[in-house]
Amino acid sequence: MAAAPALKHWRTTLERVEKFVSPLYFTDCNLRGRLFGASCPVAALSSFLTPERLPYQEAVQRDFRPAQVGDSFGPTWWTCWFRVELTIPEAWVGQEVHLCWESDGEGLVWRDGEPVQGLTKEGEKTSYVLTDKLGERDPRSLTLYVEVACSGLLGAGKGSMIAAPDPEKMFQLSRAELAVFHRDVHMLLVDLELLLGIAKGLGKDNQRSFQALYTANQMVNVCDPAQPETFPVAQALASRFFGQHGGESQHTIHATGHCHIDTAWLWPFKETVRKCARSWVTALQLMERNPEFIFACSQAQQLEWVKSRYPGLYSRLQEFACRGQFVPVGGTWVEMDGNLPSGEAMVRQFLQGQNFFLQEFGKMCSEFWLPDTFGYSAQLPQIMHGCGIRRFLTQKLSWNLVNSFPHHTFFWEGLDGSRVLVHFPPGDSYGMQGSVEEVLKTVANNRDKGRANHSAFLFGFGDGGGGPTQTMLDRLKRLSNTDGLPRVQLSSPRQLFSALESDSEQLCTWVGELFLELHNGTYTTHAQIKKGNRECERILHDVELLSSLALARSAQFLYPAAQLQHLWRLLLLNQFHDVVTGSCIQMVAEEAMCHYEDIRSHGNTLLSAAAAALCAGEPGPEGLLIINTLPWKRTEVMALPKPGGAHSLGLTPSPGDSAQHGLCSCSSPHLAAAPAAPAACVRSTRAPTDSASRPPPTKTDGSVTLDNGIIRVKLDPTGRLTSLVLVASGREAIAEGAVGNQFVLFDDVPLYWDAWDVMDYHLETRKPVLGQAGTLAVGTEGGLRGSAWFLLQISPNSRLSQEVVLDIGCPYVRFHTEVHWHEAHKFLKVEFPARVRSSQATYEIQFGHLQRPTHYNTSWDWARFEVWAHRWMDLSEHGFGLALLNDCKYGASVRGSILSLSLLRAPKAPDATADTGRHEFTYALMLHKGSFQDAGVIQAAYSLNFPLLALPAPSPAPATAWSAFSVSSPAVVLETVKQAESGPQRRSLVLRLYEAHGSHVDCWLHLSLPVQEAILCDLLERPDPAGHLTLRDNRLKLTFSPFQVLSLLLVLQPPPH
Ligand SMILES: [Zn+2]
């Protein structure tokens, strides 16, 4: 007979149950103390240490020495392989037996030559199930290997997680034994913890919480930890409680297993490969034991690594993908940064990713997945649409420092009007544990309550891998339908989004970028990585264009498809959200620089090969091939090699034929002003013309004036800009009484995330860097180019030199800058106060531009004190404006009428050496009348970033200029020309164009290539069934809406013989 009901005190009752399940108190007599029964040591333990990450087959051949529990091993980044020989006692027949393993670092268990499970204390995986129930005839002796990486789930930071790694760290094995596991005790512990969670989470205002508490109390009453026969009664009490169902209106939580693995961050790329194996093999084991468990996995690159390093594991992943339990998501090569990659690079993330998923898993992903990335470009909805995706999941905006984002489920409308359905898991995390607290938060915190009745719940250890545990699954399964709580179902992202879509009439729409009000330092940190990114985006653009032209014009030319795929994948890898952002350790930054070096050197080889193919068979003098890889005519001063290794300047003049665009060959390789036709024309240069007006630098009182007839630039004796005039109108662009090209230094000490964050208060520490009069000197004195240069001591440790350059015919003045930078927690910017007034400034983004306010009216305006842009930003009033262009910078701001470009930071964590050393970069100023669109700011920024190429022509270069493409409207940019991923005999090209002005436009695309068919296609190059275009007189008519991106498939005629 049960005891008579007693009055219960809330707190003592709650704590009574807590003590009953505590791992700290009363374990001699409580339930937790009974989780494991008998134990015994392993039969033999041996190990060896290696600095390499060895394959299993090689590792097991090595010389293992006796080892024991308590041994230390290391240091950081090494690997300790353990051989574990074990014999299960015969007396344990009928029992569940575990290998209990606790060590620092991250372990992976190998059995019979295959990985079977990860073991990490931090990820709550400290036991490996040897058998669920030992049978009488089961073998009881076994040899396992445990590969322990000497770094933790989150690297090996010295003192704090994001501190630079401690290279001397040592690791310890603290437990290695066999033990009997009591599954019934485990299930009771899960129930009791959930009941405690409900009692606490629903609180004293809610009667259901009392029901939970009294149920738990009664379970303690009936359960004697020493007598397992009492457990079923307690279990029945719990089942009765959890079996009381909720009503029809209950919110549904879609719980999906997940494991965010940063592709490189506080550990190198190579460790990520092993993190994937450890995490995913553990997830597979859970799928086997829990057929309803669904695990979402992103990032094709990681799958590709596992495919090549762990083929056995990979084929099992594919098997579980067929069963619908292992669900590839995201559609991209890696989870890239959402701000810095170019539009084309973002397309390639999907192109490489979706094609991989299709090939390896039989279908493309239907959800874009960037849970951890630092803000999302306004162009992403259109890019997603073009890549077969209408659904997007992230949660990072919950990190906003200032404004709380108003939605968790909403439609997101991009720059061109494309709309996608977005969901932020309302628990504001992708690493849930399955607790009641998190389940309740998911509903309580949901900003779209009443509009959307479904939420995602991503559970499993993440960032450094780890993933879900059986305990998390046991919790979530128990909560499937309990009155007082939301319904919980193990579900896939597809099921979640389908449920959201089916009931979406009430959802709100957010227009424009999803700006993260944090981590704004990542636009600037690690300037060399940023520079490598911009440069390699250009190189791959140029290689693809020239190779495409060579393919079209030469029967012998083989398009380097495999090499280009390899180089693109390296670039895409570096665009991971902790690499291009600069928020990685030094080791990763060095690897990233090697990737860029590979792209540079191989890219240049491929460029030369394509140029050689273009020259082959053409009559004409040997010399230089001058190539314009942009789709409009250019006349520019360029430095051309002279015999003997020197260079001289040349103005390659426009040939006067407007159809001539692009590639030029140059037979007088010492002086040329290059007229370049849109997207590649070939011509030979003429002798330099002297008829152009010179930009003569004049010097009076230590100041220098440069004037090319278009703009007049006046520098004071320290190199600052005192005047910038548009000659034709006499209009001054520098604010009255102010100076431009003013370097400013800020204290840059964030609150925690050093490499990531620049805080608003840094603006209060602004200190202009003042030079010494008389440091300005004339560089090049007139002719085709005028220049002046100066030195500037930034601080006792850092200095800067700059050449200010103005070329004939050029609408902008360039500032070539070299900095020797040795600072700690300082931020260098350059400012240009403009004589322009506007409440909005314009910034280039992927395939377009957007406006952001120049004032701090609201918290939403003020939180964007530091923003990102690509190649240009512009401040315009009616009829006049000033644009600031750059060749490798991304951080920027315009406050009031001051344009500011962020140049260099000096954070110390996680890379203490970040940005220390020499830097070279160029920015440029362009003032203009009319709108920036009509004035050609966009084209000028392209020109700055895509210099004319002068490649040696190994055989006679074409004697006449030749242009492959031109576009009739200046609003339309031909961004990309590449070989199609597939197509008849691989003789198809893909062209990508976009509308850059923000206007509805009809235009003509002129082609001089032998094209037999033209079809519109999507960004994945899938033809639009209704997209056949009529090719008439070598031209195609195209219609664009504002910022629309169009892709064309051009089927080339068979090669000439
Ligand atoms: Zn991440």
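Index from 1, following the sequence. Numbering of ligands and ligand atoms starts at 1, following listing order. Side-chain atoms are counted along with the backbone in the values below, which use heavy atoms only and exclude waters and symmetry mates.
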Could you check Glu844 against Arg871 for salt bridge (Lys or Arg N to Asp or Glu O under 4.0 Å), going step by step and ending with a plain yes or no?
CA-CA 6 Å; Glu844 190 194 31; Arg871 293 162 293 203; 2.8 Å; yes
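- Aromatic rings of Trp399 and Trp753 (six-membered ring for Trp) have centroids within the 6.0 Å cut-off, being under it.
- Atoms NE2 of His260 and NE2 of His577, as seen from the Zn ion (ligand 1), are separated by an angle of 110°, to the nearest 10°.
- Atom OD1 is the N, O or S atom of Asp262 at the shortest distance from the Zn ion (ligand 1).
- A salt bridge links Arg278 with Glu271; the closest basic N to acidic carboxylate O contact falls under 4.0 Å.
- Residue Asp372 approaches the Zn ion (ligand 1) most closely through its N/O/S atom OD2.
- Shown here are the side chain to side chain contact (heavy atoms under 4.5 Å, CB included) partners of Met593, two or more places apart in sequence or in another chain: Gln528, Ile529, Tyr596.
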